[in-house]
Amino acid sequence: MRLRSARMFATLTLTFAALGPATALAAAVHQPATYTIRQGDTLYRIAEARHLPLTALELANPQLSNPNQIAAGQTVTLPTTYTVQPGDTIYLIAQAHNLTVSAILQANPGINPLDLMVGQTLFLPIPAANTAAVPPTSTGTASSSGTSASSDPSTSSQTPANLAQLRQEILTYAKSFLGTPYCWGGDSPKTGFDCSGFVEYVFGHFGIQLPRESHDQATVGTPVSQSSLQPGDLLFFSDTDSYASLYANHVTHVGIYMGNGSMIESSSAHNGEGVVIVQNVFQNPYYVAHYAGARDVIGS
């Protein structure tokens, strides 16, 4: 397998939600406001009048069994606004406000999670029942923690359930690229992916920024034993191509563990299919012979 990227970086800047104190700072978040529906209103008209994404309004009101059927006198929750602060990622914002990454991305169509800008406004689809997640301060604004949001599971809103959900969201997103062609040095669906480009792209969608090369990806996160693997952990393989000697750890391939012994990867093997799911990785003689360990870059 030829799996080395065509690009090399002399300097790598890493931003990990799971690898230390969070850099996200507290930002002013207004408590969810409400609106009383009037005769002739539709959610579309309400969203348009208030310059809100319709999906954000719908996600903030999960109590509406049918958003197309609302009646005068009903009360709906309006999405809250959030101002992006230095060091923020979509993942950190989601964790601080008891939301999923997917919910924030759906509520803000068109945003690039890898290119958030300080001062940018996001809409948070926080249902009225979740207002306790953003308690008001003396100035009437709200913050997830008073001073800062932490990525340390022991001190932030991260819970095993939240992390398990994130892991499944990562896998669901990864599977959306099944069949994307393999491309040496490729790092987007438009060009195709190599192994590490695929992993970098998938995790980057959730604000988890990884190094570009598989041998560098194998140096971040937390080592995981084979018996303790969780979905979303990264599996590394060494000496799978002629470039292995260039790297101290000889790692030249990476895939994403899916559970039950399966892995999703982008590879030049498999008859050129590119992104595929490999079953029974640890019963496959080739992968067993080249297995170089696993890393958790999400958190436990």
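The residues of the chain are indexed from 1 along the displayed sequence.
- For the atom pair CD (Gln279) and CG (Asn284), the distance works out to 11.5 Å, reported to the nearest 0.5 Å.
- With values rounded to the nearest 0.5 angstrom, Leu235 atom CG is found 12.0 Å from Ile264 atom CD1.
- Put simply, the side chain of Ile104 reaches to within 4.5 Å of the side chain of Leu124, judged on heavy atoms.
- Nearest heavy atom pair, residue Gln69 against residue Gln74, reads O-OE1, 4.4 Å.
- Using a 4.5 Å heavy-atom threshold, the side chains of Val76 and Thr34 count as separate.
- Residues Leu92 and Val118 are members of separate hydrophobic clusters, defined by side-chain heavy-atom contacts under 4.5 angstrom among Ile, Leu, Val, Met, Phe, Trp and Tyr.
- Checking side-chain atoms of Thr191 against main-chain N and O of Ser188 turns up a donor-acceptor pair under 3.5 Å.
- Heavy atoms only, all atoms of each residue included: Ile90 and Leu122 are closest at CD1-CD1, 4.1 Å.
- Atoms CD and OG, on Glu200 and Ser214 in that order, are 11.5 Å from each other to the nearest 0.5 Å.
- Smallest separation of non-hydrogen atoms from Ala294 and Leu229: CB-CD2, 3.4 Å.
- Counting heavy atoms from C-beta on, the side chains of Asp88 and Tyr82 come closer than 4.5 Å.
- Using a distance-only test at 3.5 Å, with no hydrogens or angles considered, a donor-acceptor pair links the side chain of Asn249 to the main chain of His215.
- No continuous path of ILVMFWY side-chain contacts below 4.5 Å connects Val288 to Met263, so the two sit in separate hydrophobic clusters.
- The heavy-atom pair separating Pro125 from Ala103 by the smallest distance is CG-O, 4.0 Å.
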message: Met117 vs Val84, test: side chain to side chain contact (heavy atoms under 4.5 Å, CB included). Steps then yes/no.
response: CA-CA 7 Å; Met117 297 191 302; Val84 175; over 6 Å; no
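- The aromatic rings of Phe237 and Tyr287 stand perpendicular to each other, their planes meeting at an angle above 60°, with 30° marking the opposite boundary.
- Annotation: side chain of Leu59 is not in contact with side chain of Leu99 (no heavy-atom distance under 4.5 Å).
- With sequence neighbours left out, His250 forms a ring-ring contact (aromatic ring centres under 6.0 Å, His included) with no residue at all.
- Contact of the Tyr35 side chain with the Thr75 side chain is not registered, since no non-hydrogen atoms from C-beta on lie closer than 4.5 Å.
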- request: Evaluate the criterion side chain to side chain contact (heavy atoms under 4.5 Å, CB included) for residue pair Leu210 and Leu234; output intermediate values, then yes/no.
  value: CA-CA 11 Å; Leu210 295 174; Leu234 301 184; 4.2 Å; yes
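- Checking each of Phe236, Tyr257, Phe282, Tyr286 against Tyr291 for a ring-ring contact (aromatic ring centres under 6.0 Å, His included) leaves exactly one that passes, namely Phe282.
- Between Pro79 and Leu52, the closest heavy-atom pair is CD-CD1, 3.7 Å.
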- request: Assess whether side chain to side chain contact (heavy atoms under 4.5 Å, CB included) is satisfied between Ile111 and Leu105, documenting all intermediate values.
  value: CA-CA 7 Å; Ile111 67 167; Leu105 294 176; 4.0 Å; yes
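- More than 12 heavy atoms of other shown residues, nucleotides or ligands fall within 6.0 angstrom of atom CG in Asn112.
- At a threshold of 4.5 Å between non-hydrogen side-chain atoms, the residues Glu265 and Val275 do not count as touching.
- Side-chain contact between Ile277 and Lys175 is present, with heavy atoms from C-beta onward closer than 4.5 Å.
- Residue pairs satisfying the salt bridge (Lys or Arg N to Asp or Glu O under 4.0 Å) criterion with at least one member in residues 227-238, sequence neighbours excluded, are listed as follows: Arg167-Asp233.
- By the 4.5 Å heavy-atom criterion applied to side chains, Ser266 and Asp194 are not counted as neighbours.
- For the pair Val281 and Ser262, the tightest heavy-atom approach, listed with the atom from each and the gap, is CG2-C, 4.2 Å.
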- request: Output, in order, the C-alpha distance, side-chain angles, deciding distance and verdict of side chain to side chain contact (heavy atoms under 4.5 Å, CB included) for Gln230 and Ile298.
  value: CA-CA 10 Å; Gln230 298 183 73; Ile298 301 171; over 6 Å; no
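- A distance of 7.5 Å separates CZ of Phe198 from OG1 of Thr180, quoted to the nearest 0.5 Å.
- Between atom OH of residue Tyr243 and atom OG1 of residue Thr252 there is a gap of 11.5 Å, rounded to the nearest 0.5 Å.
- The distance from atom CG of Leu166 to atom CD1 of Ile208, rounded to the nearest 0.5 Å, is 5.5 Å.
- Asp216 places no side-chain N or O within donor-acceptor distance of the main-chain N or O of Arg212, the cut-off being under 3.5 Å.
- For Glu169, the side-chain contact (heavy atoms from CB on, under 4.5 Å) partners at least two apart in sequence or on another chain are Thr100, Val101, Ser102, Gln165, Phe206.
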